[in-house]
Amino acid sequence: MTHTLNRRGLSEARPGEEIVVLCMAQRLRKAEKAEAMQSLARTVLKYKPDNFVGKPLGFDAESVEAMAPYTGVVTAVFTDKEVVWKLVGDLKSQRLGVSVVLSGLFTDVRDTCKCTGLREHTYHISLGIFGKTDCLPGENTLEITTQCGHSLISPHLVDAVVKKIRKGKMTCEQGAQMLIKPCACGIGNPKRVEEILRKMV
Amino acid sequence: MYIDQELCKKCLDCKPVCPMGAFILKDKKVVVDYETCVECGVCLRFEICPENAIKQVDEIPYPRILRSVFSDPLQRHESTGILGRGTEEMKTNDVTNLFQKGKIGFSIELGRPVGGAYLRDLEKVVKKVTAMGVTFAEDNPVVQLIADRSTGALKPEILGERVLSAIVECLVPEERALRFIDEMAEFLRAEVDCVVTMSAVSRADDDGNSAFLQKLKEVGKNPYPNGKVNIGMAIV
């Protein structure tokens with residue numbers, strides 16, 4: 001999640017395309033927030049995210065709820081801004097004392113804050129990629145690989161999936177599911193990856 | 001990681017899954033290139049091998065274990081108590097208030113978004129920011145690797161280790177922040193042998209805006225239109 005800010009390809013021309021929601025109990029308060037984390041996990045999953053923490057590892061809603069007090073973290077991907085507004089409003093009304101970070105367009109976050117009566121507290125801003133940038137893959141590939149904050153989506157896997165789709169051995173939807181699988185945090189956006197794959201094939 | 005040669009059918013389905021490209025064909029056998037592999041565990045979790053020929057050793061020795069703790073997000077750093085290679089940074093800033101007005105936090109992440117990084121490149125960056133007089137995030141696992149706080153030199157035995165990424169996190173007075181970005185950008189271009197992602201943490205103004213974000217736009221630093229925002233939920 002540290003790295004969702006570095007996602008490539010989001011544009012203010014396409015508002016609401018994705019918002020990643022992260023909820024985290026500060027580690028020194030994790031024990032006292034166990035119940036809050038469970039409630040939070042239950043609430044987040046109630047709004048049916050497109051992906052969520054552990055889903056690529058096969059976890060279901062019940063296991064996410066059970067694990068939340070121990071990990072102190074819940075992440076989820078949404079592709080409907082109005083759903084995020086409802087979720088954030090719901091969490092606010094519960095006053096759980098747990099931090100919430102939204103990752104997406106700053107303009108989308110602004111809209112969410114306006115709708116829920118909250119205010120931005122701290123910004124994390126990407127300044128881009130530096131150093132040996134001549135070894136970066138193409139932009140479409142980069143848009144997919146940066147879906148995983150831990151760089152676990154291989155550019156070679158993107159190439160292999162594109163080849164399979166072109167040969168008719170896989171659909172774009174199946175390809176997207178395969179490509180978000182290495183990201184255990186569940187922050188890959190399958191809908192967006194599918195759209196990028198359509199552009200590539 | 002290693003390949004059990006008795007189980008491997010040489011289909012090479014594993015090859016594209018590795019973000020480092022560590023699966024190679026050598027002497028008609030599929031093997032894990034020990035130097036390239038960063039022990040991130042993706043190949044195991046992905047369950048790509050139908051024969052279960054990809055194996056992990058029972059215990060990865062030091063200093064190689066650093067590859068795993070800096071590359072596998074399911075490994076918990078002893079120093080931070082959290083999963084992943086960073087800290088809670090701004091994610092819990094509404095509770096910790098680590099990032100206050102007048103200071104800008106910087107994350108300089110080597111090896112991301114592709115290719116990984118050697119810790120010898122990390123040392124170059126740690127030495128550079130040490131010389132620039134920054135304040136380190138003490139709970140960042142990178143700090144545990146520093147042997148000499150006055151120079152930023154890392155422990156010598158770890159320099160040849162390669163990781164998926166390592167993050168230097170530090171605080172800089174806001175009036176020095178733009179100069180810091182320029183100097184780091186030039187340094188990274190000239191001195192390191194990997195890609196590096198740089199980001200900045202700024203406490204919001206009283207109206208919820210970020211004057212620092214606005215300033216970055218005005219001076220042509222081209223910040224991304226997307227980012228992370230702590231929305232102060234813990235203090236409502």
Side-chain angles (χ1 to χ4, degrees), chain A residues 1-7 10-12 22 24 26-27 29 57 71 88 91-92 95 97-107 109 113 118-133 135-137 142 145-146 150-157 159-160 181-182 184-185, chain B residues 15-19 21 40 42 45-46 73-74 81-84 86 88-96 99 111-115 164-165 181 185 188-189 192-204 208 210 213 216 221-234 236:
Chain A
M1 176 69 185
T2 303
H3 326 277
T4 49
L5 76 158
N6 294 310
R7 285 186 176 196
L10 287 175
S11 166
E12 286 174 6
L22 170 128
M24 179 179 263
Q26 202 276 327
R27 72 174 165 135
R29 300 171 71 189
L57 298 174
T71 61
V88 171
L91 292 175
K92 184 185 172 195
R95 294 179 181 273
V98 173
S99 300
V100 173
V101 172
L102 302 181
S103 183
L105 291 169
F106 291 122
T107 45
V109 176
C113 285
L118 290 161
R119 191 176 296 159
E120 295 91 333
H121 184 279
T122 310
Y123 285 76
H124 200 166
I125 305 155
S126 180
L127 301 167
I129 306 171
F130 300 81
K132 201 177 170 187
T133 52
C135 63
L136 291 171
L142 211 46
T145 59
T146 55
H150 293 99
S151 302
L152 294 173
I153 303 174
S154 163
H156 309 294
L157 187 61
D159 292 344
K181 195 176 167 190
C185 302
Chain B
K15 193 172 163 62
V17 171
C18 176
C40 67
V42 162
R45 287 195 297 277
F46 204 87
L74 300 187
I82 64 168
L83 301 176
E88 290 180 6
E89 28 95 351
M90 54 74 77
K91 293 193 281 281
T92 55
N93 200 44
D94 50 350
V95 176
T96 63
F99 301 93
R112 211 201 103 81
V114 290
L164 213 46
S165 88
I181 294 168
L188 296 170
R189 187 193 62 75
V192 302
D193 194 26
C194 60
V195 293
V196 181
T197 300
M198 189 155 53
S199 55
V201 177
S202 150
R203 181 74 165 80
S210 165
L213 175 59
L216 288 170
K221 298 292 178 208
N222 300 318
Y224 288 8
N226 50 296
K228 288 185 336 196
V229 182
N230 180 319
I231 56 172
M233 185 71 88
V236 293

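So you know, we letter chains A, B, ... as the sequences are listed, proteins then strands, and number each from 1. Everything quoted here is computed from the prediction, not taken from an experiment.
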Non-hydrogen atoms of [X] and [Y] that approach each other most closely:
X      : Y      : value
B:P16  : A:S154 : O-OG, 2.9 Å
A:S151 : B:R112 : OG-CG, 3.1 Å
A:L5   : B:G227 : CB-CA, 3.7 Å
B:T92  : A:S99  : CA-OG, 3.4 Å
B:G208 : A:Y123 : O-OH, 2.6 Å

Do [X] and [Y] have side chains that approach each other closer than 4.5 Å (heavy atoms only, starting at C-beta)?
X      : Y      : answer
A:R119 : B:I231 : no
B:P19  : A:I153 : no
B:L216 : A:L127 : yes
A:L136 : B:P113 : yes
B:E88  : A:M24  : yes
B:K228 : A:I125 : no
A:H124 : B:S199 : yes
A:L118 : B:V236 : yes

Counting heavy-atom pairs closer than 4.5 Å to chain A, which one of [options] comes out on top?
options                       : result
B:V114, B:V229, B:T96         : B:V229
B:G111, B:S202, B:P223        : B:S202
B:N222, B:D193, B:V192        : B:D193
B:A200, B:A185, B:C18, B:C194 : B:A200
B:K15, B:M90, B:R45, B:R189   : B:M90

Original post:
Got a second to check how far B:T197's OG1 is from A:N6's CG, nearest 0.5 Å?
Top reply: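 The OG1 atom of B:T197 sits 5.0 Å away from the CG atom of A:N6.
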In terms of heavy-atom pairs under 4.5 Å with chain B, which of [options] leads?
options                       : value
A:K132, A:H121, A:K92         : A:H121
A:C113, A:G128, A:P155, A:S11 : A:G128
A:L10, A:L152, A:T107, A:D159 : A:L152
A:G104, A:A184, A:G97, A:P137 : A:G104

Original post:
B:S210 versus chain A, heavy atoms under 4.5 Å apart: side chain, backbone, both or neither?
Top reply: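 It is both, since atoms from each part get that close.
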**OP:** Examine distances only and state if a side-chain atom of B:N226 and a backbone atom of A:R7 form a donor-acceptor pair shorter than 3.5 Å.
**Re:**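 A pair under 3.5 Å: yes.
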Subject >> Side-chain donor/acceptor of B:Y224 to backbone N/O of A:L105, under 3.5 Å >> reply: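 No, because the side chain of B:Y224 does not come within donor-acceptor range (under 3.5 Å) of the backbone of A:L105.
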**OP:** Tell me, with the steps shown, if B:M233 and A:V101 meet side chain to side chain contact (heavy atoms under 4.5 Å, CB included).
**Re:** CA-CA 8 Å; B:M233 185 71 88; A:V101 172; over 6 Å; no
Subject >> Pair B:N230, A:T122: side-chain N/O donor-acceptor within cut-off below 3.5 Å >> reply: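 Side-chain D/A pair, B:N230 to A:T122: absent.
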Which region of [X], side chain (C-beta onward) or backbone (N, CA, C, O), has a non-hydrogen atom less than 4.5 Å from a non-hydrogen atom of chain B, or is it both or neither?
X      : value
A:P182 : both
A:C135 : both
A:V98  : backbone
A:L57  : side chain

Original post:
side chain to side chain contact (heavy atoms under 4.5 Å, CB included) between A:T133 and B:V196: does it pass, once the steps are laid out?
Top reply: CA-CA 8 Å; A:T133 52; B:V196 181; over 6 Å; no
**OP:** Using the ring of B:F46 (Phe, Tyr or Trp, six-membered ring only), decide whether A:K181 places NZ or CZ under 6.0 Å from its centre and within 45 degrees of its axis.
**Re:**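 The answer is yes; both the distance and angle limits are met.
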**OP:** Tell me, with the steps shown, if A:H156 and B:V17 meet side chain to side chain contact (heavy atoms under 4.5 Å, CB included).
**Re:** CA-CA 7 Å; A:H156 309 294; B:V17 171; over 6 Å; no
Original post:
So B:V195 and A:F130, side chain to side chain contact (heavy atoms under 4.5 Å, CB included) or not? Walk me through it.
Top reply: CA-CA 6 Å; B:V195 293; A:F130 300 81; over 6 Å; no
